[in-house]
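What you are looking at is a predicted structure, and each value in this text was computed from that prediction instead of being measured.
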Amino acid sequence: MRVPGCTGATEQRRTRVNTQELKACEGNVIGSSDWFVIDQSRIDKFASVTEDQQFIHTDPQKAALTPFGTTIAHGFLTLSLLPAMGADVIPVLEGHKMAVNYGFEKVRFISPVPSGARVRGHFTLLSLEERSPSEVTMLWEVRVEIEGQDKPALYAEWLNRRYLETD
């Protein structure tokens, strides 16, 4: 069910809403992000930064001999794209001062993301809690789709906290 004002990313990108307007969207799909290419260069850079050089991510010849047939992205690489995906979809709250990742209630890596694939996030607002006039915590259900595949790359219940200017 769509609530008026709870539109998809195309219509909503960087829309400013107040807390009550966004709270009215609880339980609704807010939208889908743009596509992100997960190419070997991105995978290699992530491997370097995180010091996770497992061959399944970084060695195309060895990875070709696995059931995946190619290198695959780190699950944490896909997870690390949630803030960028969310920026495409999540409306900006009026008075927005700062946002922080607050954690996860649940994360599951469901399907491997092969090198060269495109992924995008689908966001549903599960809850919005106004902790004070200057602090809001949101819980998002996020499913990261792999283009052309039925099963998602990951499922997450992601907590964000927003800090707002007060009068």
- Within-4.5 Å side-chain heavy-atom neighbours: Phe46 and Asp52: no
- Rounded to the nearest 0.5 Å, how far apart are CZ of Phe123 and SG of Cys25? 15.0 Å
- Item | Sidechain-backbone polar pair: Arg161 side chain, Asn101 backbone, donor-acceptor under 3.5 Å | no
- Short question: side chain of Glu26, backbone of Leu125 - any donor-acceptor pair under 3.5 Å? no
- Message: I need the minimum non-hydrogen distance between Thr19 and Glu130, along with the two atoms involved.
- Response: CG2-OE1, 3.9 Å
- Query: Testing Lys151, Arg118, Arg120 for side-chain contact (heavy atoms from CB on, under 4.5 Å) with Glu145, which one passes?
  - Reply: Arg120
- Query: Salt bridge between Arg162 and Glu135, side-chain N to carboxylate O under 4.0 Å?
  - Reply: no
- Query: Can we say Lys106 and Glu157 salt-bridge, meaning some charged N sits less than 4.0 Å from an Asp/Glu carboxylate O?
  - Reply: no
- If you round to the nearest 0.5 Å, how far is CD1 of Ile110 from CG of Leu154? 7.0 Å
- How close do Val89 and Ser33 get, heavy atom to heavy atom, and via which atoms? CG2-N, 3.4 Å
- Should Gln40 and Ser115 be marked as a side chain to side chain donor-acceptor pair (under 3.5 Å) after you check the CA-CA gap, both sets of side-chain angles, and the distance that decides it? CA-CA 6 Å; Gln40 192 61 49; Ser115 177; 3.3 Å; yes
- Message: Under 4.5 Å between side-chain heavy atoms, counting indirect links through other Ile/Leu/Val/Met/Phe/Trp/Tyr residues: same cluster for Ile38 and Phe76 or not?
- Response: yes
- Message: If we ignore hydrogens and angles and just use 3.5 Å, is the side chain of Glu21 paired with the main-chain N or O of Asn18 as donor and acceptor?
- Response: yes
- Task: Without swapping roles, check the side chain of Thr124 against the backbone of Leu126 for a donor-acceptor pair under 3.5 Å.
- Result: no
- Message: Between Ile72 and Leu79, is there shared hydrophobic-cluster membership here, with clusters defined by ILVMFWY side-chain heavy atoms closer than 4.5 Å?
- Response: no
- Is there a side-chain contact between Trp158 and Tyr102, using heavy atoms and a 4.5 Å cut-off? no
- Indicate yes or no for a side-chain donor-acceptor contact from Ser134 to the backbone of Tyr163 under 3.5 Å, with no hydrogens or angles considered. no
- Message: I need the Trp140 CH2 to Glu105 CD distance, nearest 0.5 Å.
- Response: 15.0 Å
- Thr71 and Asp59, any side-chain heavy atoms less than 4.5 Å apart: no
- Message: Working to the nearest 0.5 angstrom, can you tell me the gap between Lys45 NZ and Thr50 OG1?
- Response: 14.0 Å
- Ala73 to Leu77 - nearest heavy-atom pair and separation: CB-CD2, 4.0 Å
- Task: Begin from the C-alpha positions of Leu22 and Met138 and carry the test side-chain contact (heavy atoms from CB on, under 4.5 Å) through to its verdict.
- Result: CA-CA 10 Å; Leu22 191 55; Met138 295 176 280; 3.5 Å; yes
- Task: For the residue pair Val136 and Leu93, establish whether any side-chain heavy-atom pair is separated by less than 4.5 Å.
- Result: yes
- Query: Can you name the closest pair of heavy atoms from Ile90 and Asn160 and give their distance?
  - Reply: CD1-OD1, 3.8 Å
- Item | Heavy-atom check, side chain of Met85 versus side chain of Val144, under 4.5 Å | yes
- Hey, could you give me the NE2/CD distance between His96 and Glu165, rounded to the nearest 0.5 Å? 9.5 Å
- Item | Student check: side-chain heavy atoms of Lys97 and Leu164 closer than 4.5 Å | no
- How many angstroms lie between atom OG of Ser111 and atom CD of Gln149, to the nearest 0.5 angstrom? 6.0 Å
- Task: Mark yes or no: Arg143 above the aromatic ring of Tyr155, with NZ or CZ under 6.0 Å from the six-membered ring centre and no more than 45 degrees from the axis.
- Result: no
- Item | Minimum side-chain heavy-atom gap Phe109-Val107 below 4.5 Å | yes
- Item | Pairwise side-chain contact, Leu159 with Phe104, heavy-atom cut-off 4.5 Å (strictly under) | no
- Note on the structure: Note: Thr78 and Ala153 closest approach over all heavy atoms is CG2-CB, 4.3 Å
- Residues Gly121 and Val142: closest non-hydrogen pair is CA-CG1, 4.5 Å
- List the steps, then state whether salt bridge (Lys or Arg N to Asp or Glu O under 4.0 Å) holds for Glu94 with Arg16. CA-CA 6 Å; Glu94 290 176 354; Arg16 289 196 178 273; over 6 Å; no
